[in-house]
**Student:** 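Structure below; questions to follow.
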Protein chains: 2
Amino acid sequence: MAIDMVDIRQKFQEKQYKLTPQRRIILEAFVDHQDEHLSAEDVHTIVRQHSSEIGLATVYRTLELFSELDVLQKMDFGDGRSRYEINEKTTPHHHHHLICLSCSKVKEFEDDLLETLETVISRKSNFTIVDHQVKFYGYCEECQKKREISD
Amino acid sequence: MAIDMVDIRQKFQEKQYKLTPQRRIILEAFVDHQDEHLSAEDVHTIVRQHSSEIGLATVYRTLELFSELDVLQKMDFGDGRSRYEINEKTTPHHHHHLICLSCSKVKEFEDDLLETLETVISRKSNFTIVDHQVKFYGYCEECQKKREISD
DNA sequence: CTGCGTGCAAATGATTTGCATACAC
DNA sequence: GTGTATGCAAATCATTTGCACGCAG
C-alpha cells in the first residue's frame, strides 16, 4: 500500500536526480491522500499547510518528474487540469474510473476484463497495446438518490 | 455516411439557432475530413483556405454548439486540446481509439464488448453509466516496423 | 426589424520557462 | 564546490468572454 521509498531512492540515484525536501513533501501528500486524484493546485494547497512555501512551478515540475519515473500516474478527467495518483506497480490490476456527471466525483472500479478486449484489438488491428485508459460517465449512487427526490 | 442536413436544420429550428454561413462552412470541414479528429485550430485552418475570414472564437463557439446538438462529438486525446468528430448517430457502435505513442496518429476500433463491462459495473457499484470513453495506447503497425528497423 | 451571431481584442486559467539564488550530493 | 533544484515573475497556449456591429429569420 505504502510507497516503496527504497525503490524511489534508487530510481533517483540512477537518473542523478536529487531527493529534495520539496520532492519528499509532495510525495507525502500523495501518501496522505491515497485514491484522491490530486491536481497540481490540490497538491500545492496540501503542501502549503503541512509546511513552508513550495512554488507552484516546483509542484508542476515535480509531478512531471514523478510521472516520468512511474511513481505517479498522470491522468485526465476532462476537467481542464491534469490529475495524478500513486502508481501502484505492485498491483497489476487496472482500475477504471467512474466519473459522476452530477457531482464530478471520481470513483474507481477494479477490473481485468479489458485484457480480453486488448487481445482482440491487437489481433484485428495489428496495434501493440501498451496501456489503456477507460472512463465511464454516469451518475453515482448519491446523485441518483438526489435526482429521484428532485424529480 | 454523410451528415443528415435535414435533421440538423430541424434541430436548429427547434432551438432557434441560426444556420449561418460560418456554421455551414465549419460543418463542411468535418464532412470533407471524415475520421480525422480535428482540433479548433485545425478547423480554423481548413476553413480559412476554403473561404474568407472566420474568427477563431467563432470556431470555438460553433464547435461547442454542435457538440451540444450531438452533431459533433468532443473528445480528448490528452494532447492539450479538444478534438471533434462527426457524431454518427446512425451507428450505435461505440468505437474506441487506438493512440500511437510514436506517431500520435489515432485509429479507431469498432466494438461493443464494453456493454458487458458496463452491466457488471452498474451492478457492482450502483453507478448508472451514461457513456464511456476508452483509449488504448500503444504502437501502430507502421511504427512497429520502423522500430524493428532502428533497433 | 430584432435578437442572435460574429469578429476582434482583451481576459482567463492551466501549465511552462528564464533566470538568479540556494542546497543536495 | 558544482551542477541540479527552487522560487518568482513573466511567457505561453488553449479557450472564453465583452462588446459593438452585422445579418438570418
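To find a chain, count down the sequence lines: A is the first, B the second, and so on, and within it residues start at 1. Hydrogens, waters and symmetry mates play no part in the numbers below; they use all other heavy atoms, side chains included. It should be emphasised that the depicted structure is a prediction, and the values quoted were computed from it without experimental measurement.
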**Student:** Salt bridge or not for Arg48(A) and Glu53(A), using N-O below 4.0 Å?
**Tutor:** yes
**Student:** Mind checking what makes side chain to side chain contact (heavy atoms under 4.5 Å, CB included) contact with Ser82(A), not counting sequence neighbours?
**Tutor:** Lys74(A), Tyr84(A)
**Student:** Rounded to the nearest 0.5 Å, how far does CD1 of Ile99(B) lie from CZ of Phe127(A)?
**Tutor:** 8.0 Å
**Student:** For the pair Asn87(A) (side chain) and Asp70(A) (backbone), establish whether a donor and an acceptor sit closer than 3.5 Å, ignoring hydrogens and angles.
**Tutor:**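 Side chain of Asn87(A) to backbone of Asp70(A): a pair is present.
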**Student:** Considering residues at least two apart in sequence or located in another chain, which fulfil the side chain to side chain donor-acceptor pair (under 3.5 Å) criterion with Glu118(A)?
**Tutor:**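 Testing Glu118(A) for side chain to side chain donor-acceptor pair (under 3.5 Å), a comparison that skips the adjacent residues, returns His132(A).
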**Student:** Pick out which of Ile121(B), Thr119(B), Asn126(B) makes a side-chain contact (heavy atoms from CB on, under 4.5 Å) with Arg123(B).
**Tutor:** Thr119(B)
**Student:** Have a look at Ser82(B) and say if it touches a base, only the backbone sugar-phosphate, or nothing, with a 4.0 Å heavy-atom cut-off.
**Tutor:** sugar-phosphate
**Student:** Look at Glu68(A) together with Lys11(A) and state whether they make a salt bridge at an N to O cut-off of under 4.0 Å.
**Tutor:**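 Between Lys11(A) and Glu68(A) there is no salt bridge, as every charged N stays at least 4.0 Å from the carboxylate O atoms.
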**Student:** Less than 6.0 Å separating the ring centroids of His95(A) and Phe109(A)?
**Tutor:** no
**Student:** Do Lys135(B) and Leu98(B) have side-chain heavy atoms sitting under 4.5 Å apart?
**Tutor:** no
**Student:** Between which nucleotides of DNA chain D, 5' to 3', does chain B make heavy-atom contacts below 4.0 Å?
**Tutor:**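 The contacted stretch runs from dA14(D) to dG25(D).
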**Student:** For DNA chain D, determine which residues of residues 58-67 of chain A have any heavy atom closer than 4.0 angstrom to one of its atoms, and list them numerically.
**Tutor:**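 Correct list: Thr58(A), Arg61(A).
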**Student:** Scan Glu41(B) against the nucleic acid and name what it touches under 4.0 Å (heavy atoms): base, sugar-phosphate only, or nothing.
**Tutor:** nothing
**Student:** Decide yes or no on side chain to side chain donor-acceptor pair (under 3.5 Å) for Thr45(B) and Asp42(B), but give the supporting numbers first.
**Tutor:** CA-CA 5 Å; Thr45(B) 306; Asp42(B) 292 342; 5.6 Å; no
**Student:** What is the distance from CZ of Arg23(B) to C1' of dT6(C), rounded to the nearest Å?
**Tutor:**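 In whole Å, dT6(C) C1' and Arg23(B) CZ are 9 Å from each other.
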**Student:** Let me test you: for the helix from dC1(C)-dG25(D) to dC25(C)-dG1(D), what is the angle between the axes at its two ends (five pairs each), rounded to 10 degrees?
**Tutor:** 40°
**Student:** Are Lys105(A) and Glu36(A) close enough, and set up right, to give a salt bridge (charged side-chain N to carboxylate O under 4.0 Å, His left out), and what steps lead you there?
**Tutor:** CA-CA 10 Å; Lys105(A) 279 208 199 69; Glu36(A) 260 197 62; over 6 Å; no
**Student:** Restricting both atoms to N or O, compile the protein contacts to nucleotides 20-25 of chain C shorter than 3.5 Å, with distance only.
**Tutor:**
from, atom 1, to, atom 2, distance (Å)
dC25(C), OP1, Leu19(A), N, 3.4

**Student:** Less than 4.5 Å apart, any side-chain heavy atom of Phe136(A) and any of Leu117(B)?
**Tutor:** yes
**Student:** Please name the pair of heavy atoms, one in Leu56(B) and one in His44(B), separated by the smallest distance, quoted to 0.1 Å.
**Tutor:** N-NE2, 3.6 Å
